[in-house]
Chemist: 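Here it is, the structure in full.
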Amino acid sequence: MRRAIDGGRSYILRFMSVCYDVAVATLSFYLAYVTIYGVPRAYYVPGLEEKAAAFSVIALVCFYWFSVMRGSWRFVSIPELIDLIKASIVAVVIYTVAAFLVSRGQNIPRSVPVLTTIFMITGLAGSRLIYRLFMDGIGFSVLGLRKVRPGAGRYVLVYGVTNEAEGFLRTTQRSRGEIVVVGIVDDRKSMTRSLQGVPVLGDLSKLGALVKRFTSRRIKVTELVVAISSPDRQKLSEIVERANSVGLKVTRLPDITETTSITSNSLFEPKPIEIGDLLGRPEVHADIEGVARLVHGKVVLATGAGGSIGSELCRQVAAFNPKQLIITDSSEFHIYMLDKELRENHPQLQIVTRIVNVRDTVRIGHLFEEFKPQVVFHAAALKHVPLVEENPVEGIKTNILGTKNVADAALANKTSTFVMISTDKAVNPTNVMGATKRAAEAYCQSLDMTSAVTRFKTVRFGNVLGSNGSVVPRFQEQIAAGGPVTVTHPHIVRYFMTIPEAVRLVLHASARALARHTERGRIMVLDMGDPVRIVDLAERMILLAGLKPHIDIDIAFTGLRPGEKLYEELFDPSEVQGGKTDEGYVIASPRVIDNALLVRTLEGLRAAADREDATRAVELLSHIVPEYKREASGKPAPKAPSEVAGE
């Protein structure tokens, strides 16, 4: 019913538009005669009514021929105005030629065609332009009726003279005051002094003076909108600091390449700056075309699928149309939420959801026998350093024995590819969690060296922003509560990467590594860029909340926790074979443990874990990972930052 009403309304509006255009054509013809002969002499021109009627019919045909009536007055553009000009000129030319053929142009002065053309173009194009100007709000500004007045709308400044800024200004002008752009700030040298009627007021250094100027006029500017596509992270950090120093919130226009569901309402709606935008290094973009060959049309299984990394892995794998995607996790809630999301976004994909604990050998074995997965992504793990430090047996059961269960099942069922997700804490570990991940790496390495069918690959990386239980959500909670934000040490640094880019590189590195059949027992270490000081991260998050570090929100230092390092390492220098690749990762070759010796030690480890003998379990763990040095104080000697960065 609603569609029928809208269709009828559209038909009526189009009919009215055609009538208006014909009326303008007729009036233009009469005005040409009035201009030449004056009033009342023009009324006595012989056959003027017949001439005007003939011209109106010709104009109507030309309007139809050039599709003039199909254009929208609301969004009239230059191509549509050109069509109007063409239709007007052609109509006048046809009438003039026909008049000379029929009556040798009797009672048609030479200036009539010229004046008629001018009047037609002015009437048709001018009325449309005026309509659009007023609908966009610009017409009111021209008449002085729409000025920036206090008390109406949300007043913002825009950073950047760009195409994105121009589109944003158009949208805000149509929003009837919901967002009012009072000026533009740009650091580049440009001849542009205004955009869509909005003045360019200066560079970023003048931001404070501009805010004061508007405040003196009782106009409270609250926001700076960054209108730059894919802004540089370092520049974005500078903008945030400048804006926050004068009390402005910073937002940016969404990048249409970053979202899968964008609407006309959200296209130019500013969104908050996220901490991932301020990592202080270029985002890593990987070519993952090889991933399609890895997972397309294959049966893919993911363990720990409900976690931050596991769930993003499943999202990206699902986009490559595997034959079947099996998602598993020990958390009912997390696996339910992922199952719901994947089924909504990929209704054609065959998804199998199972609640599985990787510690359960029988359950894992049955799962592999039933579905025969060809590709396995093993992301299940206990990862929280302090908790695993207090519960070492639990860490061993999940991170080592759980990995062994999944790897053995993959080997027994001739899985072609097994990818284990590891961590930088596995390098020279000072905590149980890191040691268990290094032991799991060692087991997968040993299998990769001996397996004829299954390839075992390990991908190692550092912290990801926003993962469950990580530092970012904790800082967000502390900032929302008014502080203080707690940091363990003023000099503690970590490698950071956003979850999506980490997963992209995991998939890319896996595909590239598996293409190199001669490289066995290697570990792919993602290039995480330079390490970030945690205190700097905390300060940036406080700035993003529109607050000032150490003034509005305090930062408190609590001391290193047991097993925590000041500096994490992505690889030991002795592991690296060659330098960094240009593909976003480093190839490392850690020490490979004899498989038979490793299996015997793991059997003893399982027996100790079954007895809940933590002392014996940790002792056996140190046999597998001799570099594991558990610090009683929890404060290992700091290393130089240059060593950490691999320089």
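For this chain, numbers begin at 1 and follow the sequence in order.
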Chemist: Taking atom OG of S331 and atom CG of L338, what is their separation to the nearest 0.5 Å?
Modeler: 11.0 Å
Chemist: Under a 4.5 Å cut-off applied to non-hydrogen side-chain atoms, are K425 and M433 in contact?
Modeler: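 The answer is yes; the side chains approach within 4.5 Å.
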Chemist: Between I421 and H378, is a side chain to side chain contact (heavy atoms under 4.5 Å, CB included) present by the stated rule, with each step listed?
Modeler: CA-CA 6 Å; I421 308 300; H378 178 54; over 6 Å; no
Chemist: Does any donor atom in the side chain of S416 or Q374 lie under 3.5 Å from an acceptor atom in the other side chain?
Modeler: no
Chemist: List the steps, then state whether side chain to side chain contact (heavy atoms under 4.5 Å, CB included) holds for V487 with F475.
Modeler: CA-CA 9 Å; V487 179; F475 283 175; 3.9 Å; yes
Chemist: Enter the distance from T486:OG1 to I534:CD1 here, rounded to the nearest 0.5 Å.
Modeler: 11.5 Å
Chemist: Is there side-chain contact between Y628 and N431, with at least one heavy-atom pair below 4.5 Å?
Modeler: no
Chemist: Among side-chain atoms of K372 and N413, is any donor-acceptor pair under 3.5 angstrom?
Modeler: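 Present: a donor and an acceptor within the cut-off.
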Chemist: Could you measure the distance from the OG1 atom of T353 to the CD1 atom of I326? Nearest 0.5 Å is fine.
Modeler: 10.0 Å
Chemist: Do any N or O atoms from the side chain of T423 and from the backbone of A426 form a donor-acceptor pair under 3.5 angstrom?
Modeler: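 Checked: no pair found.
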Chemist: How long is the span from the CD atom in Q316 to the OG atom in S311, to the nearest 0.5 Å?
Modeler: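 One gets 10.0 Å once the value is rounded to the nearest 0.5 Å.
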Chemist: Could you give all pairs that pass the salt bridge (charged side-chain N to carboxylate O under 4.0 Å, His left out) test and reach residues 603-612, with sequence neighbours left out?
Modeler: K397-E612, R611-D613
Chemist: Do the non-hydrogen side-chain atoms of K404 and L602 ever get within less than 4.5 Å of each other?
Modeler: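 Result yes, sub-4.5 Å side-chain heavy-atom pair found.
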Chemist: What's the shortest heavy-atom distance between V299 and F371, and which atoms?
Modeler: CG1-O, 3.8 Å
Chemist: Salt bridge check: are R474 and E477 linked by an N-O gap of less than 4.0 Å?
Modeler: no
Chemist: At their closest point, which heavy atom of D424 faces which heavy atom of R460, and how far apart are they?
Modeler: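 Nearest heavy atoms, D424 then R460: N-CG, 3.9 Å.
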Chemist: Strictly by modelled atom types, are Y336 and D329 linked by a side-chain donor-acceptor pair under 3.5 Å?
Modeler: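 Note: Y336 and D329 side chains miss the donor-acceptor criterion.
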Chemist: Under the 3.5 angstrom rule, does the side chain of N399 hit a backbone N or O of L382 as a donor-acceptor pair?
Modeler: yes
Chemist: Okay, side chain of R533, backbone of P490: is any donor-acceptor separation there less than 3.5 Å?
Modeler: yes
Chemist: Mark yes or no for whether T415, through its side chain, and P373, through its backbone, hold a donor-acceptor pair below 3.5 Å.
Modeler: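 Indeed, once roles are kept as given, a pair shorter than 3.5 Å links the two residues.
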Chemist: Could you report the tightest heavy-atom contact between F320 and H296, atom names first, then the distance?
Modeler: O-ND1, 3.0 Å
Chemist: Does R438 reach the side chain of E627, with side-chain heavy atoms less than 4.5 Å apart?
Modeler: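 Yes, at least one pair of side-chain atoms sits under 4.5 Å.
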Chemist: Have N357 and S330 got a donor and an acceptor in their side chains that come within less than 3.5 Å?
Modeler: no
Chemist: Which heavy atom in P392 sits nearest to a heavy atom in V618, and how many Å separate them?
Modeler: CB-CG2, 4.0 Å
Chemist: Please tell me if the side chains of E389 and H384 come closer than 4.5 Å, counting only heavy atoms from C-beta onward.
Modeler: no
Chemist: Answer yes or no: is there a side-chain heavy-atom contact under 4.5 Å between L411 and V453?
Modeler: no
Chemist: Is a donor on one side and an acceptor on the other found under 3.5 Å between the side chain of S446 and the backbone of Y443?
Modeler: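 At least one qualifying donor-acceptor pair exists.
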Chemist: Between T403 (side chain) and A440 (backbone), is there a donor-acceptor pair under 3.5 Å?
Modeler: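 No, because the side chain of T403 does not come within donor-acceptor range (under 3.5 Å) of the backbone of A440.
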Chemist: For T458 and Q445, which I'm curious about, is there any donor-acceptor pair between the side chains at under 3.5 Å?
Modeler: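 No, no side-chain donor-acceptor contact under 3.5 Å.
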Chemist: Please determine whether side chain to side chain contact (heavy atoms under 4.5 Å, CB included) holds for the pair L325 and Q350, giving the CA-CA distance in whole Å, both sets of side-chain angles, and the decisive distance to 0.1 Å.
Modeler: CA-CA 6 Å; L325 179 59; Q350 185 179 351; over 6 Å; no
Chemist: Return the minimal non-hydrogen interatomic distance between A305 and I327, and the atom names on each side.
Modeler: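 Taking every non-hydrogen atom into account, CB-CB, 3.9 Å.
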Chemist: Measure the spacing between NE2 of H366 and OG1 of T361 and express it to the nearest 0.5 Å.
Modeler: 11.0 Å
Chemist: Looking at every heavy atom in both A609 and L401, which two are closest together, and how far apart are they?
Modeler: CB-CD1, 4.3 Å
Chemist: Quick one, V250 and V226 - any side-chain contact, counting heavy atoms below 4.5 Å?
Modeler: yes
Chemist: Would you call E394 and R359 a salt bridge, using N to O less than 4.0 angstrom?
Modeler: yes
Chemist: Side chains of T601 and H623: any donor to acceptor distance under 3.5 Å?
Modeler: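 Note: H623 and T601 side chains miss the donor-acceptor criterion.
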Chemist: I'd like to know if the side chain of N391 reaches the main chain of L387, judged simply by a donor and an acceptor atom lying under 3.5 Å from each other, with no hydrogens or angles considered.
Modeler: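 Answer holds: yes.
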Chemist: Is there a side chain to side chain contact (heavy atoms under 4.5 Å, CB included) between T488 and F557 once you walk through the steps?
Modeler: CA-CA 5 Å; T488 57; F557 298 103; over 6 Å; no
Chemist: Starting at OG1 of T328, measure out to CD1 of I364 and round the result to the nearest 0.5 Å.
Modeler: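 Here the interatomic distance stands at 6.0 Å.
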Chemist: Flag the pair P484 / I553 as yes when at least one side-chain heavy-atom distance between them is below 4.5 Å, and no otherwise.
Modeler: no
